[in-house]
J.: 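Would you mind keeping the following structure in view while I ask a few things?
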Amino acid sequence: GRHIWAFKPVSDQIDQHLHNAETVSDEEIAQFAEDFRFDSSINPNSADQVYRHSAISNQFQPFDGLVPQAKSAEDQAVIDSLVKGINYFSYLQCEDGHWPGDYGGPLFLLPGLLIASYISGTPFPKAHREMMKLYIFNHQNPDAGWGMHIEGESTMFGTVMQYVSLRILGVDKEHPAIVKARNWIKNNGGAAGAPSWGKFYLAVMNLYDWRGFNSLFPEMWLLPKWLPMHPSRYWCHCRMVYLPMAYCQAHRFQAPEDELVLSLREELYENFDSIDWPKQRDAVCDKDRYYTPSGVLKWMNLFTNTYEKFASSRLRKKTTDYILKYLDAEDQQTQYIDIGPVSKAINSICIWHAYGKDSDRFKRHVERWYDYLWVAEDGMKMNGYNGSQLWDTALATRAILESDLGKRFPKTIEKSYRFIERSQIKSEHSTHAEFFRHPMIGSWPFSTADNGWPVSDCTAEGLSAALSIHRSGLVEAVIDEQRMKQAIDIILSYQNTNGGWSTYELTRAPRWLEKLNPSEVFADIMIDYSWTECSAACLISLMESQEDYPTYKNDEISKAISAGLGFIIKQQKADGSWYGGWAVCFTYATWFAVETLSKALNKGYYDDTVLADSINKACAFLVGKQKADGGWGESFKSCSDLVYTEAATSQSVNTAWALLTLLSGNFQDKSVIDKGIRVLLNKQTELGDWHQENISGVFNYNCMITYANYRNIFPIWALNRYCRIYNLRMLEK
Ligand code: LAN
């Protein structure tokens with residue numbers, strides 16, 4: 001490619017292309033911005049054109065197989081659109097079988113990595129730095145601040161983090177965008193109003209005093225393990241973020257007071273030296289606060305902050321030794337990728353602090369920074385994970401194989417199968433039990449085998465995709481019966497006592513622990529809760545595997561399914577919808593739920609009249625939300641406000657979910673469905689892509705995350721199901 005940063009998104013290729021990227025010229029950078037001309041006021045979401053252009057260019061061919069002939073022109077249009085959609089999408093698949101894609105969205109991730117790079121004196125190559133600047137500038141809001149995520153209104157957290165990032169990247173303090181951002185910070189109460197995660201990063205950068213940071217009570221790791229508040233019972237993401245944070249706090253780690261630090265103190269505060277730090281502990285800018293911490297937490301903080309004054313150094317040492325051992329184990333278990341983007345950056349800082357810049361451990365950390373980076377037309381970002389590889393591949397496979405038409409893409413399916421096979425987890429780590437990991441043989445992770453953290457619904461999607469590939473007869477089954485059964489076993493082992501499934505582990509502590517959530521900006525992070533979507537995916541895969549392995553643990557699985565259905569039914573809102581925790585939002589979870597309930601009908605798992613009522617209510621809900629043009633469109637506000645909130649326009653992804661729901665729910669009025677299908681056809685591009693519209697993913701209610709491939713996967717799936725259910729083909733093969 002002409003742009004050296006337009007890499008193939010596989011980490012070794014990233015190394016190849018970008019580690020010698022020091023020599024990139026300013027003209028080339030300017031040319032990039034010019035070529036892609038990103039304008040966040042039109043849409044802050046990238047269309048992932050850097051990757052897509054390189055994957056499509058030169059080699060693209062329209063589908064050259066036999067396209068089935070339908071009875072009517074309308075039906076033919078659906079088939080043609082579907083074939084075009086799969087054909088286009090198949091070009092985006094990597095050689096190793098997965099579909100790479102933009103997984104950005106949150107704006108507080110890259111700053112963590114830049115701080116790690118600054119503190120450790122390990123700068124990124126010039127090409128990276130320039131593309132990161134471009135990204136941050138591209139997402140500055142008209143009011144000169146930045147949000148928590150690319151669609152969000154400005155917050156102190158977002159703004160202060162981007163401000164520090166740009167300065168680390170060498171942008172001058174008199175740069176007009178920086179001057180305006182500084183004013184935003186001043187006008188909104190100052191940098192000390194950043195929420196606790198922002199305070200943490202500022203403290204590490206020596207731009208904030210640790211006395212202004214509510215203690216995390218690092219010694220909690222030494223508490224008896226049977227206590228409900230022992231951190232081993234926290235949601236794994238919470239546990240793995242607060243672990244390295246506690247290490248930094250225990251050491252009161254701060255970057256040296258260099259020129260940049262001294263200047264930033266002046267830029268960010270009125271008078272840094274006269275700040276009453278303890279007073280800032282609970283100061284949070286109004287624009288940031290998602291919820292007010294509980295009274296219990298205030299008491300807790302009183303205790304932990306007082307404790308800091310008396311903490312014995314012997315106990316501290318014991319604590320930090322333990323934490324370091326845990327960090328080493330996490331690094332080793334994940335090949336230094338770590339569970340997620342936040343812990344990745346903070347672990348790097350800890351490992352650098354503990355072992356030094358020249359240590360093997362730190363070098364391995366730095367190598368894996370690049371796994372999280374992504375370039376799109378808006379610049380270079382840090383992804384929300386090391387990718388969504390397995391998840392997208394499994395969903396794409398199921399979408400393509402929804403009808404027999406998918407069998408016309410055997411190479412695509414062969415490649416996905418290879419990826420899915422390779423990603424299934426085959427063994428436990430030696431330090432598995434010691435560090436509270438759920439058993440994982442047979443499971444699938446969200447991203448890659450190297451990350452290797454198993455997820456309940458990723459296991460379910462992996463299993464369902466493997467089943468559908470086996471059924472298609474397109475490949476020789478490499479995942480044998482034993483491995484399929486291991487996956488089933490793991491899914492069973494993940495079921496909570498309330499009948500539902502949580503994300504990575506069982507729910508390990510009572511709900512009241514949420515009262516100790518100190519984050520101010522994320523809700524429900526303390527424990528791993530049962531979710532509609534996770535439960536639905538697990539139930540679907542269990543029901544499907546019962547069809548293929550009808551005698552395997554029949555009793556146990558039937559009971560698990562009945563209990564799971566009970567959980568889903570209970571989650572339904574009075575209006576017939578379900579709230580979705582991991583994508584936008586009610587259309588997403590309602591699809592998962594109805595898909596599950598429909599699959600369970602007439603199988604004896606549950607009272608069929610209850611299932612049917614619930615499905616009908618859900619369909620009625622969706623019909624009520626159909627827009628005038630026939631599509632559905634939901635805003636990310638649904639996620640944070642917990643009420644269905646319409647987007648200004650129909651969205652392909654929401655429309656696809658609604659259609660999948662109505663089709664699986666056997667909704668009788670075909671004209672409603674036809675209107676929605678037409679929206680998908682109208683929104684399709686010449687080549688078979690769909691336009692990137694609003695952001696579609698979310699976590700912890702309040703932060704949005706990009707799923708670039710959803711705009712292909714779900715329209716394909718909906719069209720394919722429409723073809724299957726209305727049997728549009730005259731010609732079979
Ligand atoms: C993800 C991504 C995938 C997602 C699904 C599989 C879609 C979901 O059904 C279960 C939860 C899961 C695995 C999930 C959990 C939270 C994650 C890991 C993320 C949204 C990706 C990034 C996010 C992580 C917590 C981001 C870092 C921020 C913190 C608050 C720690």
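Counting convention: from 1, in listed order, for ligands and their atoms alike.
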J.: Please enumerate all residues that pass side-chain hydrogen bond (donor to acceptor under 3.5 Å, both in side chains) together with Ser530, with sequence neighbours excluded.
T.: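 For Ser530 the side-chain hydrogen bond (donor to acceptor under 3.5 Å, both in side chains) partners, ignoring immediate neighbours, are Asn496, Asn498.
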J.: Report every pair formed by an N or O atom of ligand 1 and a protein N or O atom separated by less than 3.5 Å, giving atom names and the distance to 0.1 Å.
T.:
{"residue": "ligand 1", "atom": "9 (O)", "partner": "Asp457", "partner atom": "OD2", "Å": "2.3"}

J.: Is it possible for you to check whether Arg508 lies under 6.0 Å from the centre of the six-membered ring of Trp235, through NZ or CZ, and within 45° of that ring's axis?
T.: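 Verdict for Trp235: no cation-pi partner in Arg508.
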J.: Given side-chain contact (heavy atoms from CB on, under 4.5 Å), test Leu539 with Lys599 step by step and report yes or no.
T.: CA-CA 9 Å; Leu539 286 165; Lys599 216 173 183 28; over 6 Å; no
J.: Closest heavy-atom contact between Pro44 and His139?
T.: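 Result for this residue pair: O-CE1, 3.0 Å.
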J.: I'd like to know if the side chain of Glu520 pairs up with that of Ser196 as donor and acceptor (distance under 3.5 Å, no hydrogens or angles considered).
T.: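 Note: Glu520 and Ser196 side chains meet the donor-acceptor criterion.
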J.: Can Thr503 and Asp528 be counted as having a side-chain donor-acceptor contact under 3.5 angstrom?
T.: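 Distance-only check passes for Thr503 and Asp528.
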